[in-house]
Amino acid sequence: MKHSFSKIATLLFTSVLVSTATVHAQKNDATAPLHLLQPDYPTPYGTPQKDSIKKVLDRVYKFLDANSASKIINATTKAEITNYKKGNEDIMFEPGAFRLTSYEWGVTYAGMLLASKATGEKYFADYSNKRIKLIADIAENYKEKNIKDKDMIKTLHPEALDFAGALCAAFIKAKQDGLKANVDPLINNYIDFISNKQFRLQDGTLARNRPQDNTLWLDDMFMSVPALAQMGKYTGDVKYFDDAVKQVNQFSGRMFNKEKGIYMHGWVQSMEDHPQFHWGRANGWAVMTMIELLEVLPKDHPGYAGVLAQLQAHIKGLAKYQDGTGFWHQLLDRNDTYLETSATAIYTYSIARAINRGYIDKMTYAPAVLLAWNAVASKVNAKGQVEGTCVGTGMGFDPAFYYYRPINVFAAHGYGPVLLAGSEVILLLKDSQFEINDSSIQLKIEGKNNQHK
């Protein structure tokens, strides 16, 4: 009996030792700093490196250079045309996956120009300059009857702001960066359409008569204001600045939801109630519009302070809706809509540029920008294609329209924003340092050590 009791006591003591050892071997609040455990982030968490960003931009460049036209061909024989001065044969752009004269490509030209400045690599700017010069050469040397490319005809005779604004702004930027091409006739043609031919409401707000009469499209802020702003800088004529400011104020007065801090996509004058669908990419066009305007608007212009305040309110609103993955949703305030790449890239660029220009606080917004870039970079595949971009989208007044818009790697809307976003984040990283401080990304302040002890 005594031997049995001793055996039981030994077993109990051994069990206690094993149990205690197991407890001490486990990570718990007493044995390990649990706040330093690595979370299972769905998007890489940390500060991107400038070299890694450039690799993403290079992939995009190579894909676009190989898949977008850079020359014209005989419309019948398909032979390449090298002597534009003859101008007496029917022509068209060589086949490509993207249109050289669309508003999306106006954004892409601007993105390539910025990538050249951010990386110091000339080939990015060459991409834009080669194609912009090609468009200018066609306009200068060929009669309309010989141009068999419908998209080129639309750039000569714009049917809507889509065929004027983004291209106009990009062409002015290229010219001011040193492009040697006769782009002024095209620039003047674009701005004449915006200023004098596009339909407007009675108060002068740029509008369309589709899908309903007297409709405002939030997208049209971007399809007009940056061109007006650049023209103001290019010519020194304040009337362009005045119109640009008026558009921002009058679009915002009708379409900005002050409580949410974001814009509705569409507004129809005859509606008693205005359905509010806060589409991601349209909000991107709006925030980028204000960035583009403030860049060139004289600070003593009476509208400067109001545009700056509107930009700050919009960025504050957008930041509230960023998903934990770093992306934003197709409909910003509906988390069951899909995560969308082009809008996320536009916000990345716009917020980073607002930081770099001192419009908003760096410490507040830079970590969100870095997370957003990491998300965007994850959508550029090995071929340089941008995944997860919503295709071209009209205006709807029901949720299904936005929820189920397709995505496609040939949706041109994704490429320019990715180039802009990566380039601006490179510039942000050149001027700032970041660190993991108490497990989170923080702006590093020179001379300060706020690390957790």
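Here, residue 1 is the first one in the sequence, and each next residue gets the next number.
Between Glu140 and Asp137 the shortest side-chain heavy-atom distance falls below 4.5 Å.
For Tyr347 and Asn283, the side-chain atoms include no donor-acceptor pair closer than 3.5 Å. Side-chain atoms of Tyr127 and Ser70 include no donor-acceptor pair closer than 3.5 Å. For the residue pair His301/Asp242, the side-chain donor-acceptor check at 3.5 Å is satisfied. Of the N and O atoms on the side chains of Glu144 and His157, at least one donor lies less than 3.5 Å from an acceptor on the other residue. Between the side chains of Lys233 and Tyr240, no donor N or O sits under 3.5 Å from an acceptor N or O. Neither side chain, Glu340 nor Trp328, offers a donor N or O lying under 3.5 Å from an acceptor on the other. If you check the side chains of Thr205 and Gln250, you find a donor sitting under 3.5 Å from an acceptor. His278 and Tyr321 form no side-chain donor-acceptor contact under 3.5 Å, judged by distance and modelled atom types alone. Gln269 and Asp213 share no side-chain donor-acceptor pair at under 3.5 Å. Side chains of Asn146 and Glu89: no donor on one and acceptor on the other come within 3.5 Å. Ser440 and Gln442 share a side-chain donor-acceptor pair at under 3.5 Å.
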Would you give me the side-chain donor-acceptor pairs under 3.5 Å for residues 362-373, sequence neighbours excluded?
unit_1 : atom_1 : unit_2 : atom_2 : d
Lys362 : NZ     : Ser432 : OG     : 2.7
Thr364 : OG1    : Asp361 : OD2    : 2.7

Show me the side-chain donor-acceptor pairs of residues 40-50 shorter than 3.5 Å, one per line, residues at least two apart or across chains.
unit_1 : atom_1 : unit_2 : atom_2 : d
Thr43  : OG1    : Thr325 : O      : 2.6
Tyr45  : OH     : Ile441 : N      : 3.0
Gln49  : NE2    : Thr47  : O      : 3.3

Hey, can you pull the donor-acceptor pairs under 3.5 Å for the side chains in residues 162-172, sequence neighbours left out?
unit_1 : atom_1 : unit_2 : atom_2 : d
Asp162 : OD1    : Arg208 : NH1    : 2.9
Asp162 : OD1    : Arg208 : NH2    : 2.6

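The pair Arg353-Glu295 meets the salt-bridge criterion, with a side-chain N (NZ, NE, NH1 or NH2) lying under 4.0 Å from an Asp/Glu carboxylate O. Using a 4.0 Å cut-off between charged side-chain N and carboxylate O, Asp126 and Lys130 make no salt bridge. A salt bridge is defined here as a Lys NZ or Arg NE, NH1 or NH2 lying under 4.0 Å from an Asp or Glu carboxylate O, and Lys54 with Asp58 meets this definition.
Around atom NZ of Lys122, no more than 12 heavy atoms belonging to other residues, nucleotides or ligands sit under 6.0 Å away. Within 6.0 Å of NZ on Lys320 lie more than 12 heavy atoms contributed by other residues, nucleotides or ligands. Annotation: Lys430, atom NZ; neighbour count of heavy atoms from other residues, nucleotides and ligands within 6.0 Å is above 12. More than 12 heavy atoms of other shown residues, nucleotides or ligands fall within 6.0 angstrom of atom NZ in Lys148.
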